[in-house]
There are 2 protein chains.
Amino acid sequence: MPWQGRTKQDVLSEVRCAEILDAARGVFARKGYQAATMDDIAAATGVGKGTLYLYYRSKRDIYLAALERGLRAVCDITAAALDTAPTLEEKIRAFVLTKVQFFDDHRDFYRIYHAEFGNVVAHPSCLPPSVKQLYLGQVQQLEHAIEAARDEGRIRPVDPGKAAFAIFEITRGLIARRLLADPSLSAEAEGAFIVDLIWKGIANR
Amino acid sequence: MPWQGRTKQDVLSEVRCAEILDAARGVFARKGYQAATMDDIAAATGVGKGTLYLYYRSKRDIYLAALERGLRAVCDITAAALDTAPTLEEKIRAFVLTKVQFFDDHRDFYRIYHAEFGNVVAHPSCLPPSVKQLYLGQVQQLEHAIEAARDEGRIRPVDPGKAAFAIFEITRGLIARRLLADPSLSAEAEGAFIVDLIWKGIANR
DNA sequence: TACTAATCTGACCGACCAGTCAGTATACAA
DNA sequence: TTGTATACTGACTGGTCGGTCAGATTAGTA
């Protein structure tokens, strides 16, 4: 019996999918893609291994679904942060701090995300377009904000794509450092430094 | 019969080691760590699989040796670039362009390097200290150059570690972009943008 | 040539694991 | 209760691959 275009089965199925992805995220984070086995994921989900194949076609499918899910969450949260902040300087600060905070709150996802984008992006053809687009979308959000400010003459006439890219990469590095090397690194202090550096770098005068 | 402290056998052995590493670098780059098999590496080297185990204890050993070898080359080349350039602004430019050029010339190594430092650094305990130290050494080179310029009052009093880190990360991102996404990206133009951005970001006034 | 040491080889082994499928359990309608 | 469709299970299979080792080959020496 259709309900909002989805049957009861559809909804139950979605719940299962989400359960599997939640469990898989933890397993992939803990053991890495290769070392994680389907038996691990099944056990973590609390179902039999065969059940996984009712919802996903392969191990890689599960991995990519978990990746896409998290990536979408990142994009949503940074887009909201950029929208809310009034000035470009505050937008940059919001982008950096929001993203750092997101990965603080989702350490499991960090390992999936950075394993893929440090490694398999090396073979970009392996990534489905939807995932690639989400990844690039993050830079584009920043780019548009910078472009607008430049067109209004609020900053010097830099290339928005290049500037967005610089901010994106430094942020990426900060997140990696905090999660892998030195968790005590202050998000505020480091974030403030980045914003200051970039702002002085692109400001008028 | 000893000769400069090394026997003839030692030298031959070193040659074999290097042959294996050269072949392995290509195989790892082409197929990725997991998919690369010892049979692949043996075939690429032109020896039997058993021979590999006369020179290295395991697949991972070969991988790490190839990683360390390349990393040492990167460090040497950037250190030389930093030494040669007279001013900090030129040092930064030299660092960025030299590193970009190095990875242009050693694309095989790029895949090994970035696979590891996007992925396995995620489990830093897996990396031998010597490799970790080489990696961090790159940032420290930059840091010392910035610190010296700051102490001489040539730039505003920024934290040299943070600034070095920013340059390091943007450079990393540029290299990744050029090799993976858009090889047509001009090293000169992008490099110039980075130097300009950073320099305006840390310059006096 | 004969002997020895060093070097190399690749068939083989055992562990591992993604994916399958025959069979079980559950929900629910008739 | 019976029938059936849906959901689930986990023992099993087929293939893979890191690592081994008994024996072959080569280089060096007398």
Side-chain angles (χ1 to χ4, degrees), chain A residues 1-3 6-67 112 115-116 120 126, chain B residues 1-3 6-67 112 115-116 120 126:
Chain A
M1 194 157 290
W3 169 67
R6 298 184 310 176
T7 66
K8 199 164 158 190
Q9 278 67 34
D10 284 346
V11 175
L12 284 174
S13 174
E14 276 172 36
V15 168
R16 246 309 129 77
C17 283
E19 280 174 3
I20 292 170
L21 292 191
D22 282 340
R25 190 184 53 229
V27 174
F28 283 131
R30 206 165 339 106
K31 310 185 67 167
Y33 177 76
Q34 282 293 340
T37 70
M38 292 301 269
D39 282 310
D40 290 336
I41 297 171
T45 313
V47 300
K49 176 156 70 157
T51 303
L52 300 180
Y53 289 92
L54 298 174
Y55 296 92
Y56 295 95
R57 277 201 312 242
S58 66
K59 178 179 169 182
R60 176 135 192 97
D61 254 28
I62 294 179
Y63 180 79
L64 288 175
L67 179 62
I112 296 175
E116 191 64 25
V120 177
C126 300
Chain B
M1 195 156 293
W3 170 66
R6 299 182 311 177
T7 65
K8 199 166 162 189
Q9 277 66 36
D10 285 344
V11 175
L12 284 172
S13 174
E14 274 170 38
V15 169
R16 248 306 131 74
C17 283
E19 279 174 6
I20 292 171
L21 291 191
D22 282 340
R25 190 182 54 229
V27 174
F28 284 130
R30 206 166 337 105
K31 311 186 64 166
Y33 178 76
Q34 281 294 340
T37 69
M38 292 301 269
D39 282 311
D40 290 335
I41 297 171
T45 313
V47 300
K49 176 156 70 155
T51 303
L52 301 181
Y53 290 91
L54 298 175
Y55 296 91
Y56 296 95
R57 278 202 308 244
S58 66
K59 179 179 171 183
R60 177 133 192 96
D61 255 28
I62 294 180
Y63 180 79
L64 288 175
L67 179 62
I112 297 175
E116 191 63 28
V120 178
C126 300

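Just the heavy atoms: all of them, side chains too, but no hydrogens, waters or symmetry mates, feed the values below. Convention: sequence-line order gives letters A, B, ...; per-chain numbering from 1.
From B:Asp40, atom CG reaches atom OG1 of B:Thr45 across 10.0 Å, with rounding to the nearest 0.5 Å. For the atom pair B:Tyr55 OH and B:Asp61 CG, the distance stands at 15.0 Å (nearest 0.5 Å).
Within 4.0 Å of A:Tyr55, counting heavy atoms only, lie sugar-phosphate atoms of the nucleic acid but no base atom. Counting any heavy atom pair closer than 4.0 Å across all strands shown, A:Ala43 reaches no nucleic acid atom. When heavy atoms are screened at a 4.0 angstrom cut-off, A:Lys49 is found touching base atoms of the nucleic acid. Counting non-hydrogen atoms under 4.0 angstrom, A:Thr51 reaches a base of the nucleic acid.
The main-chain N or O of A:Thr37 is never found under 3.5 Å from a side-chain atom of A:Lys31 such that the two would form a donor-acceptor pair. Within the 3.5 Å criterion, the main-chain N or O of A:Ile112 finds a donor-acceptor partner in the side chain of A:Tyr63.
Regarding B:Gln34, its CD atom lies at a distance of 11 Å from the P atom of C:dA18, rounded to whole Å. Separating the CG atom of B:Leu54 from the P atom of C:dA6 is a distance of 13 Å, rounded to the nearest angstrom. A:Asp61 places its CG atom 13 Å from the C1' atom of C:dA18, with the value rounded to the nearest Å. Computed from coordinates, the A:Tyr33 OH to C:dC17 P distance equals 13 Å when rounded to whole Å. Rounded to whole Å, atom C1' of C:dC8 lies 11 Å from atom CD1 of B:Ile20. Rounded to whole angstrom, the span from the CG atom of A:Asp40 across to the C1' atom of C:dA18 amounts to 12 Å. As a whole-Å value, the separation of B:Met38 CE from D:dC17 P is 13 Å.
The residue among A:Gly50 and A:Ala36 whose nearest nucleotide of DNA chain C is located toward the 5' end is A:Ala36. Mapping A:Leu52 and A:Asp39 onto DNA chain D via the closest heavy atom, the residue that lands nearer the 5' end is A:Leu52.
Minimum atom distance to the side chain of B:Thr37 is reached by D:dC17, of the listed D:dC17, C:dC8, C:dT20. Out of D:dT9, C:dT7, D:dT20, the shortest distance to the side chain of B:Tyr53 is found at D:dT20.
Taking only side-chain nitrogens and oxygens, A:Arg57 never comes nearer than 4.0 Å to OP1 or OP2 of C:dA18.
Counting heavy atoms from C-beta outward, A:Ile41 and A:Phe28 have side chains that approach closer than 4.5 Å.
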